> 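Can you read through this structure? Questions will come right after.
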Amino acid sequence: VTFHLSSDNIDMDKEKILHWAQELSSQGISIQIGFLKGNKEDFYYFGDADKDSIFDIASVTKVVMTTYLIQIAIDEGKLKLSDPLSNFFNDINSDLGEVTIFELLSHTSGLISWLPFYGLVNSKKEAFDYIKKLVIEAKGKRLYSDVGFIFLGFVLEQVYDLSLDKVFLNKIKSKLHINDTNFYFNISSNSLPTSLGNPFEKELIKNRNLKTLREIKWRDYRIINEPNDFNCFKTFQGVSGHCGLFSNSKDLLRISRSFLDYELVSKKTLTNFYNQKNLGFISESNMMRFDLHNGWYGHHGFTGCSYFINPKLKESFVFLSNRQIIGLDDGSYINWKGF
C-alpha cells in the first residue's frame, strides 16, 4: 500500500500511517508505532506487538548510533567531515585512503554497496583487512553502501580506542538512559522474530552472481534475539556500524528528543548535517515513503523498521515491524522502503 500527497506537505499523515499498519498486520506482521509532537507521545501496537516488544532495527542503527557518534566525535574535535581515511589508518589502499568521512556518510565514497563477508572471511579483523584493499569504483556517485558504514564503525573504534558497543554505551545509551536499546547479547527480553533463516540474503548472492571463498552455513531456524543481518551476526559478533541494535519506539523517541533538543550534539553540527543532503540521514522524498517530504530526516531498516524526525516541526515518528516474517512470497517487499 502506497499513499501519495502533494510534495509541499511537510507534515505526516498519522491516520494513513496507522491505516497502512492495520493492513500490514492483517498479513501476519507485528508493528509498533510511536509519534512525538511537542511534549506528547502516542504509541500504537498491531499484531503480536505490545509496549514491551523489542525489534531488530537493522539499518536504523546507521542513524541512531553511527551517525550520532560521528556527530559527537566532531563536537569533541576527534574528527572532521573532511578527514580522509588515511588520517586514521596507515595500511589502507591509496584510493580508499582518500575517501572522506563525508563521503562515507553520504554514500558517495564509491565503495561497493554490500558483500557477504560471512562467505569471504573468518573474522571481524579479516573483514577489516578485506575492506582496506577494496577498489573504489564510482566515487562521487550516490550508491547506498553498508560497507561504507561498516568502515565508519572501524573509524569510531580507532578514534575512541574502544569497541563500538562500548562507545555507544558511553556516549549515547548511558546518557539518555535508553535501557531497552541493546545489542543482541544484552537483550533483556525476547525480540520479535524477523524471518525464517536468511532467504533475502541468499537471493542477494544469487542475483548479483557473487562468488564466495568459503561454504556458507546458513541459519535454517526462526531468527529471534539475533541480528537478522548475517554479516552483523556472523562476522561482526552482533556489533557493526551498519546495523546491530535492538530497540523499541519509546527509546527511539527518546533519541529523537535528544536530537531535537541538542542534548548530545551542538545545534551547529546537527544543522550542518541537516543542510547536507543525505548526510547520515535520508532526506530525498522519493526514498522516504510514509508521505514525508521537505524537512524530514531519518532512515529505513531492512527488517521493516523506519525512523524519522523533523527539526522544524519538532516532530518524530517511529515505525517498527518484523516485515520479513512473511518471507519471499510478497512481491511488494523489495520496494516497500523506497530504495
Side-chain angles (χ1 to χ4, degrees), residues 8-12 34-42 57 59-83 87-88 100-108 142 148-149 152-153 155-156 159-160 162 164 167-178 181 241 245 247 249-285 287-288 290 292-300 306-318:
D8 59 351
N9 186 340
I10 64 172
D11 205 353
M12 62 179 148
F35 294 102
L36 170 67
K37 187 168 186 175
N39 292 320
K40 184 181 179 183
E41 294 180 347
D42 292 312
I57 65 172
S59 283
V60 173
T61 303
K62 289 182 172 75
V63 163
V64 300
M65 180 184 74
T66 308
T67 297
Y68 212 169
L69 288 174
I70 291 290
Q71 294 168 343
I72 291 169
I74 289 171
D75 272 358
E76 292 179 349
K78 291 187 175 295
L79 54 78
K80 301 186 296 292
L81 288 174
S82 60
D83 283 345
N87 280 15
F88 309 100
T100 65
I101 300 297
F102 179 94
E103 289 167 334
L104 290 181
L105 284 166
S106 62
H107 300 282
T108 57
R142 179 164 163 75
F149 266 74
L152 282 172
V155 171
L156 287 164
V159 299
Y160 284 107
L162 286 171
L164 191 56
V167 182
F168 174 71
L169 173 64
N170 294 345
K171 299 295 180 178
I172 299 176
K173 178 178 165 64
S174 62
K175 292 187 177 182
L176 299 182
H177 305 290
I178 43 176
T181 302
L245 282 178
S247 191
S249 54
K250 182 176 180 292
D251 273 11
L252 291 175
L253 290 187
R254 175 68 185 95
I255 290 174
S256 295
R257 286 185 181 279
S258 71
F259 275 129
L260 297 173
D261 295 339
Y262 310 109
E263 289 184 52
L264 303 183
V265 177
S266 68
K267 184 175 182 178
K268 177 183 177 182
T269 294
L270 270 171
T271 301
N272 185 38
F273 270 67
Y274 295 142
N275 289 339
Q276 304 281 351
K277 201 170 190 179
N278 298 312
L279 189 59
F281 301 94
I282 296 170
S283 62
E284 292 178 352
S285 61
M287 297 178 70
M288 307 264 263
F290 296 107
L292 301 180
H293 300 278
N294 301 323
W296 286 93
Y297 304 86
H299 215 283
H300 300 296
S306 292
Y307 168 87
F308 289 103
I309 59 172
N310 189 314
K312 291 183 179 178
L313 296 178
K314 296 290 185 180
E315 293 184 15
S316 175
F317 90 90
V318 179

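Because the structure is predicted, anything quoted here is derived from the model rather than measured.
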> What are the two closest heavy atoms between G280 and F149, and how far apart are they?
CA-CZ, 4.3 Å
> Nearest 0.5 angstrom please: S266 OG to D75 CG, how far?
3.5 Å
> Taking C-beta and beyond as the side chain, do L270 and Q71 meet within less than 4.5 Å on heavy atoms?
yes
> Run the numbers on D251 and R254 for salt bridge (Lys or Arg N to Asp or Glu O under 4.0 Å), then give the verdict.
CA-CA 5 Å; D251 273 11; R254 175 68 185 95; over 6 Å; no
> Flag the pair V265 / I74 as yes when at least one side-chain heavy-atom distance between them is below 4.5 Å, and no otherwise.
no
> I want to check something: taking the side chain as every heavy atom from C-beta on, are N272 and L81 in contact at a cut-off of under 4.5 Å?
yes
> Would a 4.5 Å heavy-atom cut-off, applied to side chains only, mark L169 and L162 as touching?
no
> Does the pair I172 and T181 meet the rule for a side chain to side chain contact (heavy atoms under 4.5 Å, CB included), with working shown?
CA-CA 10 Å; I172 299 176; T181 302; over 6 Å; no
> Assert yes or no for the condition that the ring centre distance of F273 to F259 is strictly below 6.0 Å.
no
> I need the minimum non-hydrogen distance between V167 and Y160, along with the two atoms involved.
CG1-CD1, 3.7 Å
> Let's go through L252 and I57 carefully: what are the C-alpha distance in whole Å and the side-chain angles of both, what is the deciding distance for side chain to side chain contact (heavy atoms under 4.5 Å, CB included) to 0.1 Å, and is it a yes or a no?
CA-CA 10 Å; L252 291 175; I57 65 172; 4.3 Å; yes
> Taking K277 for the side chain and E284 for the main chain, is one N or O donor matched with an acceptor at less than 3.5 Å?
no
> In terms of relative ring orientation, are Y297 and F281 parallel, tilted or perpendicular, with 30° and 60° separating the classes?
perpendicular
> Kindly give the heavy-atom pair with the smallest separation between L253 and E41, and that separation in Å.
CB-OE2, 4.0 Å
> Testing the basics here: between R257 and N39, what is the closest heavy-atom pair and its distance to 0.1 Å?
NH2-O, 3.2 Å
> Drop me the distance from I309's CD1 to W296's CH2, to the nearest 0.5 angstrom.
9.0 Å
> Out of S256, S247, S59, S249, which residue meets the side chain to side chain contact (heavy atoms under 4.5 Å, CB included) rule with Y307?
S256
> Between atom OG of S106 and atom CG of L279, what is the distance when rounded to the nearest 0.5 Å?
6.0 Å
> Of the non-hydrogen atoms in L264 and K171, which two are nearest, and what is the gap between them?
CD1-O, 3.7 Å
> Looking at F168 versus Y68, is the centre-to-centre ring distance below 6.0 Å?
no
> If you draw a 6.0 Å radius around NZ in K314, do more than 12 non-hydrogen atoms from other residues or ligands fall strictly inside?
yes
> In terms of ring plane angle, is the pair F308 and H300 parallel, tilted or perpendicular, where the classes change at 30° and 60°?
perpendicular
> Please determine whether side chain to side chain contact (heavy atoms under 4.5 Å, CB included) holds for the pair L164 and M65, giving the CA-CA distance in whole Å, both sets of side-chain angles, and the decisive distance to 0.1 Å.
CA-CA 9 Å; L164 191 56; M65 180 184 74; 3.6 Å; yes
> Quick one: CZ on F88 to CG on L79, what's the gap to the nearest 0.5 Å?
5.0 Å
> Rounded to the nearest 0.5 Å, how far does CG of L104 lie from CG of L152?
4.5 Å
> Return the minimal non-hydrogen interatomic distance between V64 and I255, and the atom names on each side.
CB-CD1, 3.8 Å
> Using 0.5 Å steps for rounding, measure from the OG1 atom of T108 to the CD atom of E103.
5.0 Å
> Could you check V60 against L245 for side chain to side chain contact (heavy atoms under 4.5 Å, CB included), going step by step and ending with a plain yes or no?
CA-CA 8 Å; V60 173; L245 282 178; over 6 Å; no
> Heavy atoms, side chains only, cut-off 4.5 Å: are K80 and D83 in contact?
yes
